[in-house]
Every structure is written in structure tokens, then in C-alpha cells.
J.: 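If you scroll down you'll find the structure; I have some questions about it.
Values below: every heavy atom of this structure, side chains too, minus hydrogens, waters and symmetry copies.
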Amino acid sequence: LVLDVQGAQAAARHAGLGRFTIELARALRRRPRGHEPLVLLNTTLAESAAALAAEIGPDGLVRWAAPEGCAAGRDPQRPLRRAAALIRAQAVMAARPDALHLGSIFEGWDRDAVTAWPAEWERPPTAATLHDLLPLSLRATYLDGAWKAAGLVPWYRSCLAEAAAADLLLCNSAHTL
């Protein structure tokens, strides 16, 4: 079982999403129940990667490095972002997981993080935690408002496509209904 914890590495690492992601990884590692939970660390997010690596230890890690400058920005389909997805997928598959869990799909707008899976690669069974879909609930404020003006909508839609491709969605907010 590979646990992608980029949500705990990026901007939300000290907020609820980050704490939830790390606590889930800790719990799964404490009680593996037939799995070998491995934590996938994006070493480009160096400060948080170092702290998590020190806590987890070398035997529980899968490391990968997103290319610097691969944040989605206004173009989630840019080539460097695609390269990051391929590098991440290669690291995940090298661990030979029976499943992949994404602690947060909505990563990488302004940080060098990526949760997309390359379309031409076979995806391992994938579960993802959705912390909220508030932008869909408050469309006028986000998708038709400030996010549209800031160019976030294409990136958000690409993240929603990743959510749709997951085999299992775990929800922990009333704004995911």
C-alpha cells in the first residue's frame, strides 16, 4: 500500500488536511492489517520530506523528486508537469503496490507537487480522500469567480478527473456530498 502524502507536504501541511493525511498514514503504519504501508515522499518539497522521513524511517519510504518548476499554474497540461506525473508513477510502480492512496488530489497549483496518473499507464487500485468539494458547492464564488480570474479552473478540472478515475473515494466533509 503506497500512501501519497503530498497534501501533508505542501501548503496545507499544518492545516486540517495535512494533519488528517499524516494521522491516516501513521494509523495505517501502526496497524498494517496485511499490507506494507509505504509513504510516498516528494523530495522536491524538501523541508517537509526531511521531517516525515525522520519520523517514518528509511524502511517505510518511497521517494521521488518532482522536477522543479512543475507546478500547474495556468497550464496543468504543460510538459514539465507531465514529466512529473511519469516520474511519480514510476516510483509508485517500483514499490509494487497492491493499492495507492492519495491523501489529497488537489495538489500542485502553486507547488511542485503532482497527483495525476499518466493516462497510458495502468493505474494500481486507487483510493483518494476528498476533503471537500467546496468550489463545486459555491460555484459562483470559485469556478465562475476568483478562481476563473486566477486561472485555477483548468487545474481544478484536471484534479476532478483524477478523482473520477479513483476506484474508491473517501470523504470527510459535508462539502463532498
J.: Taking the side chain as every heavy atom from C-beta outward, state whether Leu102 and Glu107 have any atom pair closer than 4.5 Å.
T.: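 Not in contact.
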J.: Hey, does Trp155 have a side-chain heavy atom less than 4.5 Å from the side chain of Asp110?
T.: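 Not in contact.
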J.: Could you check whether any side-chain heavy atom of Phe106 comes within less than 4.5 Å of a side-chain heavy atom of Glu162, counting everything from C-beta outward?
T.: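 No; the side chains remain at least 4.5 Å from each other.
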J.: Roughly how far, to the nearest 0.5 Å, is the CG atom of Leu100 from the CZ atom of Arg123?
T.: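 Here the interatomic distance stands at 8.5 Å.
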J.: Nearest 0.5 angstrom please: Arg29 CZ to Glu36 CD, how far?
T.: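 Rounded to the nearest 0.5 Å, the CZ-CD separation comes out at 8.0 Å.
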J.: Hey, could you give me the CG/CD1 distance between Leu169 and Ile105, rounded to the nearest 0.5 Å?
T.: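 The CD1 atom of Ile105 is 6.5 Å from CG of Leu169, to the nearest 0.5 Å.
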J.: Does a side-chain heavy-atom distance below 4.5 Å link Arg88 with Leu40?
T.: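 Yes, side chains in contact.
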J.: Between atom CG of Leu130 and atom SG of Cys171, what is the distance when rounded to the nearest 0.5 Å?
T.: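 The distance works out to 5.0 Å.
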J.: CG of Leu28 to CG of Leu38: how many Å apart, nearest 0.5 Å?
T.: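 Leu28 CG to Leu38 CG: 11.5 Å, rounded to 0.5 Å.
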J.: Would you name the heavy atoms of Asn42 and Ala66 that are closest together and state the gap between them?
T.: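 Looks like OD1-N, 3.4 Å.
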J.: Between Leu41, Val92, Val114, which is the residue that forms a side-chain contact (heavy atoms from CB on, under 4.5 Å) with Trp64?
T.: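 The passing option is Val114.
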J.: With a 4.5 Å heavy-atom cut-off, do Thr141 and Leu134 have their side chains touching?
T.: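 No, every pair of side-chain atoms sits at 4.5 Å or beyond.
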J.: Looking at Arg111 and Glu47, is there a salt bridge between them, counting it only when a charged N and a carboxylate O are closer than 4.0 Å?
T.: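 A salt bridge is absent here (no side-chain N lies under 4.0 Å from a carboxylate O).
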